Amino acid sequence: MHRDFYTRLISREHPLPEAFVPEHLIDIGLPFEAAPGDPKRLLEYQAAKAASQLFHACHKSGLNLWAVSGYRSFQRQKELFTGSRFVAVPGASEHQSGLALDVSCPSLHMELCEKFASTGEGRWLKRNASLYGFILRYPENKEEITGMPYEPWHIRYVTKPLASWLTITNLTLEEYHNFPQRCTPPP
């Protein structure tokens, strides 16, 4: 994959084409709240490798991070779209890219909820996601910028250099893409 793919902004204003399916989708055996063979266990190859490293490090810390939803096709997003502010319109879901992953933990019965942020797994993820190339994609108090509500469970692979820079500067992917060209950091 080209490096720009990993840093691409995917949103209502920057949708993926309906026919887009990422190359090299794989299931690398993360602890998953989905049966083997379920497409939502899939991630794009580089994102999957990074997620495996992230999960291994989290589990080594004595925590139980679980994957809930990875890849989602345009058609599946269309089926799920209800108009809820928590569900992106088809084409605007980062899950279609294979770069996004929703996570949770057993103490929350694998629910995707704001309480995740206060769990050990949620706190660990916030501190460490960027070390593996992930960002917390929809941070608190940035809803007007991202167009999505706070989702402490939704991580997105953007590469280690960009994830580190966005975390240090407290910028969203939207703010990065709108950054003045003369000041844009190297990806």
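Heads up: numbering here begins at 1 and tracks the sequence. Just so it is clear, the structure is predicted and the values come from calculations on it, not from any experiment.
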Under-4.0 Å salt bridge between Glu174 and Arg137: yes
Glu79, CD atom: more than 12 neighbouring heavy atoms under 6.0 Å: yes
Donor-acceptor contact below 3.5 Å, side chain Ser61 vs main chain Ala57: yes
Donor-acceptor pair between Glu94 and His154 side chains, under 3.5 angstrom: yes
Neighbour count above 12 (heavy atom, 6.0 Å) for Tyr45 OH: no
Neighbour count >12 (heavy atoms, 6.0 Å) for atom NZ, Lys142: yes
Nearest-0.5 Å distance, OG1 of residue Thr7 to CG of residue Leu162: 6.5 Å
Tyr138 vs Pro152 side-chain heavy atoms within contact, under 4.5 Å: no
Joint cluster assignment, Met110 & Leu80, ILVMFWY side-chain distance < 4.5 Å: no
Nearest heavy atoms of Leu16 and Ser93, plus distance in Å: CD1-O, 4.2 Å
Considering all heavy atoms, the nearest Phe134-Leu99 contact: CE2-O, 4.3 Å
Between Gln96 and Arg72, a side-chain donor and acceptor under 3.5 Å: no
Any donor-acceptor pair under 3.5 Å from Gln53 side chain to Ala51 backbone: no
Nearest non-hydrogen partners of Tyr176 and Trp165, listed with the distance: CD1-CZ3, 3.7 Å
is_close_aromatic(Phe74, Phe20), centroid dist under 6.0 Å: no
Neighbour count >12 (heavy atoms, 6.0 Å) for atom NE2, His59: yes
Nearest non-hydrogen partners of Ala47 and Gly98, listed with the distance: CB-O, 3.9 Å
